[in-house]
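Shown next, in structure tokens, is the structure this report addresses.
Since the model is a prediction, treat every value here as computed from it, not as a measurement.
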Amino acid sequence: MELTEAIDFARATRNGVLVTTRGNGRPQLSNISYSVSEDGLIRISITAERAKYRNLVREPWAALHVTRDDFWAYVVIEGDVTLSEVAAAPDDAAVEELVALYRSLAGEHEDWDDYRAAMVRDQRVVVRIAPTRAYGMLPT
């Protein structure tokens, strides 16, 4: 499967399953919301207290599984991961990236000050997946 074809399919939705690798080599799966930028970079917001964050720090690789609503088409996009810094101040670079991610997923927030404070309080991080490989089943 062509990588661009898989990325285009992933752009049609915002929900998927993130796969990371546990310390014992087994998969860790999490339902997530994501955004695909113009250049194909996939961004996800997570907290630094969760297993997936520790997994990605240790092994900066992830896969994103995306399926069509009727379940009869899907793609899996694998890629190398970079992480933003943990949100530490309402105006830091991590929070700015989280604001941009929110806007791409949901538009404008009703209270950006509250949102920014929550990102710091929750110790949010942006996961960036740079796609390297894709497979799946798409209708012809």
Side-chain angles (χ1 to χ4, degrees):
M1 169 177 290
E2 291 291 324
L3 199 52
T4 55
E5 182 181 27
I7 291 167
D8 288 344
F9 180 84
R11 280 193 175 101
T13 186
R14 291 187 163 91
N15 299 314
V17 178
L18 178 68
V19 182
T20 62
T21 306
R22 294 179 181 173
N24 65 5
R26 293 183 179 181
Q28 163 92 31
L29 286 78
S30 304
N31 291 346
I32 51 86
S33 293
Y34 66 90
S35 179
V36 182
S37 62
E38 290 295 318
D39 62 0
L41 197 65
I42 299 164
R43 286 185 171 82
I44 302 161
S45 171
I46 66 171
T47 62
E49 296 297 317
R50 300 280 171 99
K52 58 185 155 284
Y53 175 76
R54 292 187 299 276
N55 293 343
L56 291 168
V57 168
R58 185 185 59 259
E59 177 70 33
W61 172 93
L64 175 66
H65 178 270
V66 178
T67 187
R68 198 170 60 189
D69 286 343
D70 70 6
F71 199 66
W72 296 110
Y74 74 95
V75 298
V76 177
I77 300 170
E78 298 179 355
D80 299 321
V81 168
T82 58
L83 300 168
S84 72
E85 295 294 321
V86 176
D91 60 347
D92 69 16
V95 173
E96 293 302 326
E97 190 171 3
L98 287 157
V99 165
L101 176 56
Y102 183 96
R103 281 185 171 133
S104 71
L105 290 168
E108 292 301 315
H109 193 276
E110 62 186 34
D111 185 342
W112 283 115
D113 290 338
D114 182 58
Y115 176 84
R116 288 170 178 277
M119 297 301 97
V120 174
R121 185 175 54 251
D122 294 349
Q123 296 184 303
R124 287 272 165 184
V125 174
V126 176
V127 175
R128 302 175 205 103
I129 303 173
T132 57
R133 179 177 181 265
Y135 59 93
M137 181 180 73
L138 296 177
T140 54

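The list of salt bridge (charged side-chain N to carboxylate O under 4.0 Å, His left out) pairs with a residue in residues 110-119, not counting sequence neighbours, reads Glu96-Arg116.
Tracing side-chain contacts under 4.5 Å through hydrophobic residues (I, L, V, M, F, W, Y), one never reaches Leu41 starting from Val126; they form parts of separate clusters. Follow the hydrophobic side-chain contacts under 4.5 Å out from Val75 and you reach Val127 in the same cluster.
With sequence neighbours excluded, the residues that form a side-chain hydrogen bond (donor to acceptor under 3.5 Å, both in side chains) with Glu97 are Arg43, Arg128. Residues satisfying the side-chain contact (heavy atoms from CB on, under 4.5 Å) criterion with Ser30, sequence neighbours excluded, are Gln28, Ile32, Lys52. Partners of Asp70 by salt bridge (Lys or Arg N to Asp or Glu O under 4.0 Å), not counting sequence neighbours, listed by chain and number: Arg68. By the side-chain hydrogen bond (donor to acceptor under 3.5 Å, both in side chains) test, Asp122 is found to be paired with no residue, residues two or more places apart in sequence or in another chain being considered.
Across all their heavy atoms, Thr67 and Ala73 have their closest contact at OG1-O, 3.1 Å.
Counting only heavy atoms from C-beta outward, the side chains of Ile77 and Val66 never approach each other to under 4.5 Å. Annotation: side chain of Tyr34 is not in contact with side chain of Ile129 (no heavy-atom distance under 4.5 Å). No side-chain heavy atom of Val76 sits less than 4.5 Å from a side-chain heavy atom of Leu64.
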Extract all donor-acceptor atom pairs below 3.5 Å that involve side chains of residues 14-21 and protein atoms in other chains or at least two apart in sequence.
| from | atom 1 | to | atom 2 | distance (Å) |
| --- | --- | --- | --- | --- |
| Arg14 | NE | Leu105 | O | 3.4 |
| Arg14 | NH2 | Ser104 | O | 3.1 |
| Asn15 | OD1 | Ser33 | OG | 2.8 |
| Thr20 | OG1 | Asn55 | ND2 | 2.9 |

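Atom CD in Glu78 sits 10.5 Å away from atom CG in Leu3 (nearest 0.5 Å). Considering CG of Leu101 and OG of Ser35, their distance stands at 6.0 Å, rounded to 0.5 Å. We find the NE2-CZ distance between His109 and Arg103 to be 11.0 Å, quoted to the nearest 0.5 Å. To the nearest 0.5 Å, atom OG1 of residue Thr132 and atom CH2 of residue Trp61 are 8.5 Å apart.
No more than 12 heavy atoms of other residues, nucleotides or ligands sit less than 6.0 Å from atom CD of Glu85. Residue Asp69 places its CG atom among 12 or fewer non-hydrogen atoms of other residues, nucleotides or ligands, all under 6.0 Å distant. For Glu108, the CD atom is densely surrounded, since the number of other residues' heavy atoms within 6.0 Å is greater than 12.
In this structure, Arg54 contributes its side chain and Arg22 its backbone to no donor-acceptor pair below 3.5 Å.
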